[in-house]
2 protein chains.
Amino acid sequence: MSLEFAILGFLNYHPYTGYDLKKIFDTSIRHFWPADQSQIYRTLARLTEQGFAGMEKVPQEDRPDRKVYHITEAGQAALREWLAGPPPLDEPRSAPLIQVFFAGQLTDEEILAKFDGFAAIMRAILAQYDQVPAQIGPYQQEITPPREHFFWLLTLDNGIRTMRANLEWAESVIERIKSGKVPSE
Amino acid sequence: MSLEFAILGFLNYHPYTGYDLKKIFDTSIRHFWPADQSQIYRTLARLTEQGFAGMEKVPQEDRPDRKVYHITEAGQAALREWLAGPPPLDEPRSAPLIQVFFAGQLTDEEILAKFDGFAAIMRAILAQYDQVPAQIGPYQQEITPPREHFFWLLTLDNGIRTMRANLEWAESVIERIKSGKVPSE
DNA sequence: TCCTTATATAAGACTAATCCTATATTATAT
DNA sequence: ATATAATATAGGATTAGTCTTATATAAGGA
């Protein structure tokens, strides 16, 4: 469901092809909503069926015709309604926390290695986030008006804060492990 | 995949029925891994096929026979291997952040209402988390040994820190909106 | 020369998870 | 009197998302 509205959101800025959209997703909202290429094309087809998007074929030599999708008035209305509506509450899922929950099975050394690994991953992601504002791609030109840009940065800020909180958590656990504060059954 | 190991993790503490497991999930790891009743039963069947769990029927009058599942040696080995292995990196998904990303479409009043709503939800969840350690159910008795309890609290701590970071984010956005710092296109 | 990347689309198969429904009885609450 | 919660299981249908593969050509790098 959410993917539909994410696509409508981008089409509301500018008409795009499925190929364009895949690149846009990968360079903008992928931190909180990764999208599969195959699913983007399917969703575009569905949006067209529903009357939320229209499509023009742009013939090309040698390559498949580009199918440029644009948002319709019905699509804009649907987008606006969804945006103003209640937050789509998605239940959180974190498989790594399952490992933590049952980590009592492991030795203290294994546990320390695990949390060191967590911390390393989180630091790497944070380093990546720091570079995001710099790499505004050619597709982002339609999203750069200050108001749009502001909300884009808000989602990035959310990601950074969440990741920092998680890193601090991992570091506090590492300290506790090192100072022997893990109960030994 | 993760659900399999979560179930094995609990069966490693004690034999349980599908019904038991549903309750255990709902009172322990549901913050980061909600589980559907139907899926628990199906996964138990699969674990038995794979030889990771065994089952004994306990006949009852008037009600369906209880099927009590226990972990096998192969199951314990599989669990241990998974726990010690690399973190199962799940890509983050947050539908509410899609709303934020495209919130430029809305009026400043609507945006303020939206973030007030976010903050309210987060405060409610935080209040819930505060009560979690108090409500150790009858099923948790097998998980209360100090080492297991320690890791249980770590996952809770993670949830609290993450939610707090998100609440602080929402509050900082609310402040910025109120002081007119949202660019108006 | 050969391999990879970029451009562009899309179907097929599969997995995980959700939602709904069915069965059967007892106890409790309104 | 009626409804709902608790105990216990499980199938059917559906949705969302992933992974793999197919088609077609040009440009660039090793």
Side-chain angles (χ1 to χ4, degrees), chain A residues 1-7 15-27 29-30 32-50 53 55-69 88-95 98 137-139, chain B residues 1-8 15-27 29-30 32-50 53 55-69 82 88-95 98 137-139:
Chain A
M1 284 290 94
S2 305
L3 182 67
E4 272 183 43
F5 294 104
I7 289 178
Y16 290 114
T17 68
Y19 190 81
D20 294 332
L21 285 167
K22 173 59 178 160
K23 299 215 147 183
I24 291 171
F25 268 81
D26 285 350
T27 54
I29 70 173
R30 171 231 163 103
F32 55 91
W33 205 270
D36 186 76
Q37 172 258 119
S38 188
Q39 209 194 345
I40 289 174
Y41 281 103
R42 272 188 255 256
T43 305
L44 281 169
R46 183 150 31 99
L47 286 172
T48 310
E49 272 172 47
Q50 292 173 322
M55 185 263 287
E56 278 95 44
K57 269 192 190 159
V58 178
Q60 296 196 122
E61 304 135 28
D62 304 333
R63 284 181 202 162
D65 294 350
R66 303 181 81 225
K67 293 188 176 179
V68 181
Y69 291 87
L89 16 86
D90 38 11
E91 306 222 60
R93 282 186 185 280
S94 168
I98 299 180
Y139 287 103
Chain B
M1 284 291 93
S2 304
L3 181 66
E4 272 184 43
F5 294 105
I7 289 177
L8 283 179
Y16 290 115
T17 68
Y19 190 81
D20 294 333
L21 285 167
K22 173 59 178 160
K23 299 214 147 185
I24 291 172
F25 269 81
D26 286 349
T27 55
I29 70 173
R30 172 230 162 103
F32 55 90
W33 205 271
D36 186 75
Q37 172 258 119
S38 187
Q39 211 194 344
I40 289 174
Y41 281 103
R42 272 188 251 254
T43 305
L44 281 170
R46 183 150 31 98
L47 286 172
T48 310
E49 273 172 45
Q50 292 173 322
M55 185 263 289
E56 277 95 46
K57 268 193 192 159
V58 179
Q60 295 195 122
E61 304 136 27
D62 305 330
R63 285 184 202 160
D65 294 350
R66 303 180 81 223
K67 293 188 174 178
V68 181
Y69 291 86
W82 183 78
L89 17 85
D90 38 11
E91 305 223 60
R93 282 186 185 280
S94 169
I98 300 180
Y139 286 104

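We name chains A, B, ... by the order of the sequence lines, and we start the count at 1 in each one. What you are looking at is a predicted structure, and each value in this text was computed from that prediction instead of being measured.
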Output all residues satisfying ring pair (Phe, Tyr, Trp, His ring centres under 6.0 Å) with [X], sequence neighbours left out; order by chain, then residue number.
X       : result
A/Phe5  : A/Trp82
B/Trp33 : none
B/Tyr19 : none

Query raised in the report: Would you say a side-chain N or O of A/Lys23 is under 4.0 Å from OP1 or OP2 of C/dT7?
Result: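 Yes, within the criterion.
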
Report task. Indicate whether OP1 or OP2 belonging to C/dA10 is found under 4.0 Å from a side-chain N or O atom of A/Tyr41. Result ->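 It does not, given that no N or O in the side chain of A/Tyr41 lies less than 4.0 Å from OP1 or OP2 of C/dA10.
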
Requested in this report: Check whether more than 12 heavy atoms from other residues, nucleotides or ligands sit under 6.0 Å from atom CZ of B/Arg30, and answer yes or no.
Outcome: no

Results of salt bridge (Lys or Arg N to Asp or Glu O under 4.0 Å) for [X] - residues two or more places apart only:
X       : result
B/Asp65 : none
A/Arg46 : A/Glu4
B/Lys22 : B/Asp26

Quickly work out the [X] [atom1] to [N] [atom2] distance and round it to whole Å.
X       : N      : atom1 : atom2 : answer
B/Glu56 : D/dA8  : CD    : P     : 16 Å
A/Asp90 : C/dT18 : CG    : C1'   : 14 Å
B/Leu44 : C/dA17 : CG    : C1'   : 16 Å
A/Leu21 : C/dA8  : CG    : P     : 13 Å
B/Phe32 : C/dA17 : CZ    : P     : 14 Å
B/Ile24 : D/dA8  : CD1   : C1'   : 15 Å
B/Glu4  : C/dT15 : CD    : P     : 12 Å
B/Phe25 : C/dA16 : CZ    : P     : 14 Å

Could you pull out the protein-nucleic contacts involving nucleotides 19-22 of chain D (nitrogen or oxygen on both sides, under 3.5 Å)?
unit_1, atom_1, unit_2, atom_2, d
D/dC19, N4, A/Ser38, OG, 3.3

Requested in this report: Specify the residue among A/Leu3 and B/Asp65 whose closest nucleotide of DNA chain D lies further upstream toward the 5′ end.
Outcome: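 First, find each residue's nearest nucleotide; the 5'-ward one identifies B/Asp65.
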
Report task. List in chain and number order the residues that pass side chain to side chain contact (heavy atoms under 4.5 Å, CB included) with B/Glu49, two or more places apart in sequence or in another chain; answer none if no residue qualifies. Result ->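 By the side chain to side chain contact (heavy atoms under 4.5 Å, CB included) rule, B/Glu49 matches no residue at all.
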
Query - Candidates D/dA10, C/dA10, C/dT18 - which lies nearest the side chain of A/Arg93 - result: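 For the A/Arg93 side chain, the nearest candidate turns out to be C/dT18.
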
Requested in this report: Between D/dA6, D/dA10, D/dG17, spot the one nearest the side chain of B/Tyr19, thanks.
Outcome: D/dA6

Query raised in the report: Quick one: are B/Tyr69 and B/Thr17 in side-chain contact, heavy atoms under 4.5 Å?
Result: no

**Report entry** Relative orientation of the end axes in the helix from C/dT1-D/dA30 to C/dT30-D/dA1, expressed as an angle to the nearest 10° (five pairs per end)
**Finding:** 30°

